[in-house]
Asks: 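Below are the structure tokens for one structure; questions will follow.
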Amino acid sequence: ALRILSDGPLKGLKALVTSGPTYEAIDPVRFIGNRSSGKQGHAIALALAAAGAEVTLVAGPTALADPTGCKTVRIESAAEMLAAVQKALPADIFVAAAAVADWRPAAEAAQKMKKRDGGEPPRIDLATNPDILATIAAPGPKRPRLVIGFAAETEKVVEYATAKRQKKNSDWILANDVSAETGTFGGSDNKVHLITADGAEEWPRLAKTDLAQRLVARIAATLKDKSK
Ligand code: CTP
Ligand code: CA
């Protein structure tokens with residue numbers, strides 16, 4: 001287990017992390033969701049706290065316990081996640097590890113939708129969710145000093161992730177291959193490329209907890225460098 005170092009390298013810094021899936025309601029009993037377990041985001045929040053940062057974790061529905069030493073805010077939808085993130089600002093470090101649903105049902109039915117005998121299945125109109133990473137990374141007085149996103153890809157991983165870094169104005173992107181055969185979603189390890197302004201760096205396959213610690217060491221080194 002990680003020891004919380006109140007005097008660690010990130011002492012005095014505020015970190016904000018999103019983790020887990022979002023659930024987008026169709027009606028009172030049904031939702032659109034995804035396979036994110038929250039393991040990677042929660043491990044990053046814990047590692048940041050262990051390095052001495054003051055951490056707020058905004059978490060979608062997961063089976064995980066709230067990580068030690070973090071303030072955890074539990075939400076369900078992307079809209080709720082954005083509101084909770086904005087409320088937690090300002091922060092020095094923002095890590096967007098959540099698998100935010102790209103779309104939500106345009107309207108939530110007030111009552112449980114019923115089958116009608118012989119009737120057509122319902123059509124669900126979708127609306128686009130706000131992009132939390134792009135919103136927080138946009139230039140402005142509240143922009144965190146270091147913004148880190150993920151890119152979940154099933155093909156052309158580095159190419160697509162590099163484009164996402166620029167499009168979302170994120171400082172770094174951790175690009176991961178989430179093809180079914182990699183077992184990344186729900187699994188305990190992860191294989192990423194770290195994409196920065198300097199290019200792509202391939203990291204070895206690591207336990208999600210070890211990846212979190214390696215990322216936090218890199219964050220600490222970079223912020224120390226920047227403040228010189
Ligand atoms: N993200 C976000 N808000 C959204 C969608 C994505 O904050 N509404 C963040 C994720 O947390 C992640 C990054 O953006 O850090 C990339 O998410 P990803 O799903 O890979 O990219 P998208 O931009 O949604 O593009 P697509 O799903 O079409 O590949
Ligand atoms: Ca997406």
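Order of listing sets the numbers, starting from 1, for every ligand and every atom in it. All figures in this text were calculated on a predicted structure; none of them were measured in a lab.
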Asks: With a 4.0 Å cut-off on heavy atoms, does Lys167 reach ligand 1?
Replies: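 The answer is no: ligand 1 sits nowhere under 4.0 Å from a heavy atom of Lys167.
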Asks: In terms of atom number and element, which parts of ligand 1 are under 4.0 angstrom from non-hydrogen atoms of Ala96?
Replies: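 Those of ligand 1 that fall under 4.0 Å from Ala96 are 11 (O), 12 (C), 15 (O).
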Asks: Counting from 1, what ligand 1 atoms have a heavy atom of Leu133 closer than 4.0 Å?
Replies: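 Listed by number with element, the hits are 2 (C), 7 (O), 9 (C), 13 (C), 14 (O), 15 (O).
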Asks: To the nearest 0.5 angstrom, please state how far the CD1 atom of Ile44 sits from the NZ atom of Lys39.
Replies: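 Ile44 atom CD1 to Lys39 atom NZ measures 14.5 Å (nearest 0.5 Å).
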Asks: Could you tell me if any non-hydrogen atom of Ala161 lies under 4.0 Å from any atom of ligand 1?
Replies: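 No; Ala161 lies far enough from ligand 1 that no heavy-atom distance drops under 4.0 Å.
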Asks: Under a 4.0 Å heavy-atom limit, does Thr18 contact ligand 1 with its side chain, its backbone, both, or neither?
Replies: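 Thr18 to ligand 1: no contact under 4.0 Å from either part.
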Asks: Could you tell me the residue and atom name of the protein heavy atom closest to atom 24 (O) of ligand 1, and the distance to it rounded to 0.1 Å?
Replies: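 For atom 24 (O) of ligand 1, the nearest protein heavy atom comes out as Asp102 OD1, 3.0 Å.
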Asks: Has Arg165 got its NZ or CZ under 6.0 Å from the middle of the six-membered ring of Trp172, at an angle within 45 degrees of the ring axis?
Replies: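 No - Arg165 does not lie over the ring of Trp172 by the 6.0 Å and 45° rule.
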Asks: For atom 3 (N) of ligand 1, what's the nearest protein heavy atom and its distance?
Replies: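 Result for atom 3 (N) of ligand 1: Ile132 N, 3.0 Å.
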Asks: So, does Asp131 sit close enough to ligand 1 that a heavy atom of it is under 4.0 Å from the ligand?
Replies: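 Yes.
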Asks: With a heavy-atom distance limit of 4.0 Å, tell me whether Pro130 approaches ligand 1 through its side chain, its backbone, both, or neither.
Replies: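 It is the backbone that touches ligand 1; the side chain stays farther off.
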Asks: Does a salt bridge link Glu202 with Lys191, judged by any charged N lying under 4.0 Å from a carboxylate O?
Replies: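 Answer for the salt bridge query: yes.
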Asks: Is there a protein heavy atom less than 4.0 Å away from atom 28 (O) of ligand 1?
Replies: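 Under 4.0 Å from atom 28 (O) of ligand 1, zero protein heavy atoms found.
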Asks: Strictly below 4.0 Å, N to O, side chains only: are Asp189 and Arg205 in salt-bridge contact?
Replies: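 Yes, charged N to carboxylate O under 4.0 Å.
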Asks: Can you list the atoms of ligand 1 that are under 4.0 Å from a heavy atom of Gly149?
Replies: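 Near Gly149, meaning under 4.0 Å from one of its heavy atoms, ligand 1 has 15 (O).
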Asks: Does some non-hydrogen atom of Ala98 fall short of 4.0 Å from ligand 1?
Replies: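 Contact check Ala98 vs ligand 1: positive.
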Asks: Flag the pair Arg145 and Asp92 as a salt bridge only when some basic side-chain nitrogen lies within less than 4.0 angstrom of an acidic carboxylate oxygen.
Replies: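 Asp92 and Arg145: salt-bridged.
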Asks: Would you say Leu215 ends up clustered with Leu223 if hydrophobic residues are merged whenever their side chains have heavy atoms under 4.5 Å apart, either directly or through other cluster members?
Replies: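 Leu223 and Leu215: one cluster.
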Asks: Starting from atom 14 (O) of ligand 1, which protein heavy atom do you reach first, and at what distance in Å?
Replies: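 Checking every protein heavy atom, the shortest distance to atom 14 (O) of ligand 1 gives Lys168 NZ, 2.9 Å.
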Asks: Considering only protein heavy atoms, which is closest to atom 13 (C) of ligand 1, and at what distance to one decimal place?
Replies: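 Going atom by atom, the protein heavy atom closest to atom 13 (C) of ligand 1 ends up being Phe150 O, 2.9 Å.
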Asks: Are Lys168 and Asp131 close enough for a salt bridge, meaning some N to O gap below 4.0 Å?
Replies: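 Salt bridge: yes.
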Asks: Quick check on Glu153: does its CD atom have over 12 non-hydrogen neighbours (other residues, nucleotides or ligands) under 6.0 Å away?
Replies: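 Count over threshold, so yes.
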Asks: In plain terms, say whether Arg218 and Glu201 are close enough for a salt bridge, that is, a side-chain N and a carboxylate O under 4.0 Å apart.
Replies: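 Judged by the 4.0 Å cut-off on N to carboxylate O distance, Arg218 and Glu201 do form a salt bridge.
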Asks: To check your reading of the model: name the closest protein heavy atom to atom 21 (O) of ligand 1, its residue, and the distance in Å.
Replies: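 Answer for atom 21 (O) of ligand 1: Lys164 NZ, 3.0 Å.
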Asks: Out of Leu211, Val157, Asn190, which one pairs with Asn176 under the side-chain contact (heavy atoms from CB on, under 4.5 Å) rule?
Replies: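 Per the side-chain contact (heavy atoms from CB on, under 4.5 Å) rule, the option paired with Asn176 is Asn190, out of Leu211, Val157, Asn190.
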Asks: Counting from 1, what ligand 1 atoms have a heavy atom of Ala151 closer than 4.0 Å?
Replies: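 Listed by number with element, the hits are 20 (O).
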